[in-house]
Amino acid sequence: SAYINLRMSVCLLVSEDDPHKPIQLHHQQPVTLGRGPETKIKDKKCSREQVELRADCNRGFITVKQLGVNPTNVDGVVVGKGNQVSVKPGQRLYLVNQQYPYTVRFTEDTPTPRSAAEKSKPSKRAHRMSSEGNGEKSSEHHRMSDDSPPPKKTLPSGSDKPESAGHWSQGLKVSMQDPKMQVYKDDRVVVIKDKYPKARYHWLVLPWDSISSLKALRSEHVELLKHMQRVGDQMLQQCPDAHKLSFRLGYHAIPSMSHVHLHVISQDFDSPCLKNKKHWNSFTTDYFVESRDVIAMLEHDGKVTVKEGTSELLKLPLRCHLCRKEQPTIPKLKEHLKTHLPS
DNA sequence: GTTCTAGAAC
DNA sequence: GTTCTAGAAC
């Protein structure tokens, strides 16, 4: 392109308990971390070279390689010496022996050079609330009418940075907090419409509690999951077309978006947002795990495991979920699906 | 997760 | 030549 983008994408490794300054990880530059001044860890169980970290700022995760003998783990799963795993935003990395928790955060901000004297102060992010509730909070604002937002035609020049809120994989966390997106909420969960629905009806049920993925689920979450399923079923009861469409409630075995979310999706798959093989297979193969199966597994095993080879399911040929007939392309599949639609 | 697009498939 | 898929995105 005609210009050079000076904005650097960086990953911050944030210490969750003894908050030392976040450690910057630059794209694809390996950083070795362990006991030492940078982490303030003095624990002898932690090697001075406990882990090697490498951020992929484009794809939004870091890889962690355990170098030390004592266990590094991610969300309770041990990495193992010589092995490496990925850590996405929302997951917790424990440097050694379930201690020293860290999370990762991706930001687009170019760190402004500051004087050494100022360095110790935590950085403030003043430009964050650029568009929404700026200014007067004093008067009560219980207006129900949604007056149009201030025209923000400001062009790329100054401080504007529409959504440096976070990486795309954190999008659900943002959406679920947005009252305009919420179609139901109670003390435990919130329901939003999927931003890119893959069928005529496609909702997501999310817990307020931050649970990064199925891997992080434990027995104590059973009641929450049952509640999520109940709420999903409630969505159907108020759906005008529920009687003529069928629905499935379930989870993607390996979701792209952080934060556990239950899909409630009608089985017409009649949507322009359904565009490729991955979309199709993620809802019509065992990549889609029924809510009741997740709950049963959790009750039986105390955790949820994903079968090996699940990611390969996304590459399977396109097959109609109703008559099992294989279709050569997405357009042909969509044409075929019309034959199953209710008249 | 989406967008974009090169080049494979038709 | 057009349609369609699949991999990169700095």
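Per chain, numbering begins at 1; letters A, B, ... match sequence-line order. Side chains are part of it too, since the values below use all heavy atoms of this structure and drop only hydrogens, waters and symmetry mates.
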Engineer: Would Glu16(A) and Thr103(A) count as having a side-chain donor-acceptor pair, cut-off 3.5 Å?
Structural biologist: yes
Engineer: Do you see a donor-acceptor pair shorter than 3.5 Å between the side chains of Ser219(A) and Glu299(A)?
Structural biologist: no
Engineer: Just to be sure I understand the geometry, which residues of residues 323-341 of chain A put a non-hydrogen atom under 4.0 Å away from DNA chain C?
Structural biologist: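 Correct list: Thr329(A), Ile330(A), Pro331(A).
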Engineer: Salt-bridged, Arg230(A) to Asp233(A), with N to O below 4.0 Å?
Structural biologist: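 No salt bridge links Arg230(A) with Asp233(A).
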Engineer: Indicate every side-chain donor-acceptor pair of residues 306-320 of chain A with a distance under 3.5 Å to a residue at least two apart or in another chain.
Structural biologist:
unit_1	atom_1	unit_2	atom_2	d
Thr310(A)	OG1	Lys307(A)	O	2.4
Arg319(A)	NH1	Arg324(A)	O	2.7
Arg319(A)	NH2	Glu326(A)	OE1	3.4

Engineer: Describe the nucleic acid contact of His279(A) in one word from base, sugar-phosphate, nothing, applying a heavy-atom distance below 4.0 Å.
Structural biologist: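 Sugar-phosphate contact only.
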Engineer: Could you tell me if the ring centre of Tyr251(A) sits under 6.0 Å from that of His261(A)?
Structural biologist: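 That pair fails the under 6.0 Å test.
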Engineer: By side chain to side chain contact (heavy atoms under 4.5 Å, CB included), which residues pair with Asp178(A), not counting sequence neighbours?
Structural biologist: Lys180(A), Met181(A)
Engineer: Under 3.5 Å, is there a donor on one side chain and an acceptor on the other for Gln182(A) and Lys185(A)?
Structural biologist: yes
Engineer: Determine whether Asp43(A) and Tyr100(A) satisfy the following criterion, side-chain hydrogen bond (donor to acceptor under 3.5 Å, both in side chains), listing intermediate values before the conclusion.
Structural biologist: CA-CA 10 Å; Asp43(A) 185 346; Tyr100(A) 319 112; 2.8 Å; yes
Engineer: Using nucleotides 3-8 of chain B, report all nitrogen or oxygen pairs with the protein that are shorter than 3.5 Å.
Structural biologist:
unit_1	atom_1	unit_2	atom_2	d
dT3(B)	OP2	Lys275(A)	NZ	3.3

Engineer: Decide whether Asp186(A) and His227(A) meet the rule of one side-chain donor and one side-chain acceptor closer than 3.5 Å.
Structural biologist: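 Yes - a donor-acceptor pair under 3.5 Å links their side chains.
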Engineer: Can you check the His167(A) NE2 to dG1(B) P distance for me, whole Å?
Structural biologist: 13 Å
Engineer: Which whole-number value in Å describes the distance from Arg54(A) CZ to dC10(C) P?
Structural biologist: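 Nearest whole value for this atom pair: 19 Å.
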Engineer: Tell me: NE2 of His252(A) to P of dG1(B), nearest whole Å?
Structural biologist: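 Taking NE2 of His252(A) and P of dG1(B), I get 6 Å after rounding.
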Engineer: Taking the six-membered ring for Trp, are the ring centroids of Tyr102(A) and His20(A) within less than 6.0 Å of each other?
Structural biologist: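 Under 6.0 Å, so yes.
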Engineer: To the nearest angstrom, how far is Ile192(A) atom CD1 from dG1(B) atom C1'?
Structural biologist: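 Ile192(A) atom CD1 is separated from dG1(B) atom C1' by 12 Å.
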Engineer: Both distances under 3.5 Å, Watson-Crick or G-U wobble: on that basis, could you give the dot-bracket string for DNA chain C, with [ ] for crossing pairs and | for other-strand partners?
Structural biologist: |||||||||.
Engineer: State which residues pass ring-ring contact (aromatic ring centres under 6.0 Å, His included) with Trp203(A); sequence neighbours excluded, sorted by chain then number.
Structural biologist: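 Once residues adjacent in sequence are excluded, the partners of Trp203(A) under the ring-ring contact (aromatic ring centres under 6.0 Å, His included) criterion are Tyr201(A).
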